[in-house]
Amino acid sequence: MESMTVDLVVGAQWGDEGKGKITDVLSERADYIVRFQGGNNAGHTIIVGDEVFKLHHLPSGVVRGKVAVIGNGCVVDPEVLLNELHLIIERGRTPNLIVSDHAHVITPVHRALDGAHEAARSDQVGTTKRGIGPTYADKMTRIGLRVGDLVRPERLRQKVDKLVAHHTKTLEVLGSDERFDADTVYTALKTQGERLEPYIADSVASVQDAYEQGRPILLEGAQGCMLDIDFGTWPYVTSSNTTAGAAATGTGLPPTAIDRVFGVVKAYTTRVGAGPFPTELPTDSGPGKHMADVGHEFGTTTGRPRRCGWLDLVVVRHAVKLSGITHLALTKLDVLTGLEELKVAVAYSVDGTETQRMPSDPDDFALAEPVYETLSGWHKLPPGERLRTRMDLPPAAREYLDFVEEQLGVGYAVIGVGPKRAESILLIEERTAKAVQG
């Protein structure tokens with residue numbers, strides 16, 4: 001068996017691909033699960049036996065006793081994190097958690113700014129209004145708070161005073177009526193810091209030590225390639241880098257440490273919020289409604305219905321190139337069961353010119369028309385727990401998988417055929433397969 005130390009899981013579409021489940025499947029071989037970017041604007045659902053865990057801040061491995069790390073590239077809402085920890089502990093789990101002292105802190109002020117900025121825009125981007133963007137902005141302008149500040153009261157007091165004074169002016173300019181008292185904000189953050197103190201540490205040193213000791217590490221991203229602040233469908237993107245390059249800057253590991261990159265791909269395409277979506281289908285009838293209903297396509301964090309459409313291989317090919325994806329993890333194949341035919345976008349037509357690459361200009365992307373290949377559907381799929389190899393699938397399902405694999409030039413590591421961990425066809429590492437079967 002090939003010896004690997006660091007694996008990386010990234011989303012290859014607009015998020016909501018099922019990264020939580022794939023991370024959970026792959027976590028069996030890892031000692032450390034490290035989240036490297038994003039905040040509580042992304043959720044993932046983990047099913048363990050009959051238990052369902054809907055997590056936002058906590059890395060997936062926390063429910064399986066792994067060392068779970070919220071890395072320096074993340075932004076943290078202390079209130080949300082404490083609530084998640086309470087729910088995990090209440091359900092009999094003891095979280096082995098490290099929260100980076102370098103991660104930036106989301107405050108109530110940032111949440112108010114997020115809503116005010118969105119309300120003031122003429123072209124709303126569909127932010128979750130969780131305060132993510134303003135917190136990353138404060139990181140870049142050097143006026144933000146870091147998690148380490150929460151346990152240093154004197155420094156926290158000074159920073160909160162400056163933060164509240166600065167953003168009071170911003171809220172006024174944006175026309176918001178919300179105002180914040182520095183004493184109230186300080187007291188809440190100080191109390192939250194006291195509760196989080198047992199978990200706060202130098203995560204960079206911890207992760208680097210684990211790597212040097214040869215401990216297996218799994219790096220976990222949030223959102224997906226198409227929401228990357230640089231490479232996604234800007235401005236309809238998140239506020240951090242979601243591709244593989246961010247795994248190094250968000251954890252302190254060198255890029256050369258990463259052995260394998262698992263790109264998670266939903267068997268169709270979804271996105272939440274505004275922005276162009278070439279393969280989008282109406283969700284009030286036809287295949288789009290089928291995907292939305294059977295796939296339960298509602299956001300884990302916001303509850304908003306997801307827009308649904310055919311699988312877009314231009315998007316996934318973009319992700320493969322950007323993140324150096326070495327293995328595909330395809331999810332929700334079972335959702336397509338019952339459709340007579342399936343379409344897959346293999347290229348775009350932009351002003352009459354066909355291309356297999358993502359248009360660089362946002363206006364060109366908005367004009368992109370998908371060029372489809374049509375494949376046959378399948379009417380029935382065996383129960384997910386019984387599916388162990390690709391040969392257990394109906395011929396049409398195998399043909400669909402083969403087509404995607406050939407188009408992308410990347411092989412499968414995992415094929416998801418249901419929401420549970422055991423409803424997975426494992427094509428890597430016998431040890432992981434045995435664990436999933438158990």
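Numbers for residues simply follow the sequence, beginning at 1.
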May I ask you to decide if [Y]'s main-chain N or O and [X]'s side chain share a donor-acceptor pair within less than 3.5 Å?
X	Y	result
D101	V147	no
S323	V320	no
R398	L393	yes
R386	R388	no
H318	F231	yes
D114	G131	yes
R35	E220	no
T269	W310	yes
K332	G295	yes
R317	Q356	yes

Approximate separation, where rounding is to 0.5 Å, of [X] [atom1] and [Y] [atom2]:
X	Y	atom1	atom2	result
L81	H57	CG	NE2	6.0 Å
R130	S239	CZ	OG	13.5 Å
M291	C308	CE	SG	7.0 Å
L401	L375	CG	CG	10.5 Å
S203	I98	OG	CD1	7.5 Å
R260	L26	CZ	CG	7.5 Å

Exercise for the section: Check whether more than 12 heavy atoms from other residues, nucleotides or ligands sit under 6.0 Å from atom CZ of R91, and answer yes or no. Expected result: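 Check passes, neighbour count above 12.
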Are any non-hydrogen side-chain atoms of [X] and [Y] less than 4.5 angstrom apart?
X	Y	result
T353	T355	no
V371	E354	yes
L58	L97	yes
D7	L219	no
P287	L281	yes
F36	C74	no
L311	L313	yes
I415	L387	no

Practice task
Take D16 and R271 through the test salt bridge (charged side-chain N to carboxylate O under 4.0 Å, His left out) and record every step on the way to the result.
Solution key: CA-CA 7 Å; D16 307 311; R271 77 170 299 179; over 6 Å; no
Work out which heavy atom in [X] is nearest to a heavy atom in [Y]; give both atom names and the distance.
X	Y	answer
V10	V261	CG2-CG1, 4.0 Å
A116	L174	CB-CD1, 3.8 Å
R93	V63	NE-O, 3.1 Å
A274	Y236	O-CB, 3.5 Å
D363	D361	N-OD1, 2.8 Å
Y372	P278	OH-O, 4.4 Å

Exercise for the section: Measure up the W14 and F277 rings against each other and bin them: parallel (under 30°), tilted (30 to 60°), perpendicular (over 60°). Expected result: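 W14 and F277: tilted rings.
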Practice task
For the residue pair H167 and H110, categorise the inter-ring angle as parallel (less than 30°), tilted (30 to 60°) or perpendicular (more than 60°).
Solution key: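 Judged by the thresholds at 30° and 60°, the geometry between H167 and H110 is perpendicular.
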Is [X] salt-bridged to [Y], going by a charged N under 4.0 Å from an acidic O?
X	Y	result
K289	D284	no
R215	D209	no
K266	E297	yes
R421	D24	yes
E280	R307	yes

Exercise for the section: Report the C-alpha distance between L427 and I425 in whole Å, list the side-chain angles of each, state the deciding distance to 0.1 Å, and finish with yes or no for side-chain contact (heavy atoms from CB on, under 4.5 Å). Expected result: CA-CA 6 Å; L427 303 173; I425 298 173; 3.9 Å; yes
Problem - Test log, rule side-chain hydrogen bond (donor to acceptor under 3.5 Å, both in side chains), inputs Y348 and D312 - result: CA-CA 10 Å; Y348 294 152; D312 187 335; 2.6 Å; yes
Answer with yes or no whether the side chains of [Y] and [X] bring together a donor and an acceptor at under 3.5 Å.
X	Y	result
T243	D228	yes
T135	K139	no
K21	S424	yes

Problem - side chain to side chain contact (heavy atoms under 4.5 Å, CB included) partner of V265, the single match among V404, I325, V316 - result: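 The option that passes is V316.
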Exercise for the section: Give every residue pair that meets the salt bridge (charged side-chain N to carboxylate O under 4.0 Å, His left out) criterion with at least one member in residues 364-375, sequence neighbours excluded. Expected result: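 As it turns out, there is no salt bridge (charged side-chain N to carboxylate O under 4.0 Å, His left out) pair with a partner in residues 364-375 once direct neighbours are skipped.
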Problem - Selection residues 69-89 - residue pairs positive for salt bridge (charged side-chain N to carboxylate O under 4.0 Å, His left out), sequence neighbours left out - result: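 Qualifying pairs, neighbours excluded: D77-R111, E79-R111.
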Practice task
Dump the intermediate steps for side-chain contact (heavy atoms from CB on, under 4.5 Å) on F403 and E399, then the final yes or no.
Solution key: CA-CA 6 Å; F403 180 82; E399 289 171 11; over 6 Å; no
Practice task
Any chance you could lay out the side-chain contact (heavy atoms from CB on, under 4.5 Å) test for I106 and N40, step after step, and finish with the verdict?
Solution key: CA-CA 10 Å; I106 303 167; N40 60 308; 3.6 Å; yes
Handout entry: Intermediate values then yes/no, side-chain contact (heavy atoms from CB on, under 4.5 Å), I217 and D31
Key = CA-CA 6 Å; I217 299 170; D31 293 342; over 6 Å; no
Contacts table for residues 334-342: side-chain donor-acceptor under 3.5 angstrom, sequence neighbours left out:
from	atom 1	to	atom 2	distance (Å)
D334	OD1	G418	N	3.3
T337	OG1	D334	O	2.9
T337	OG1	W378	NE1	2.8

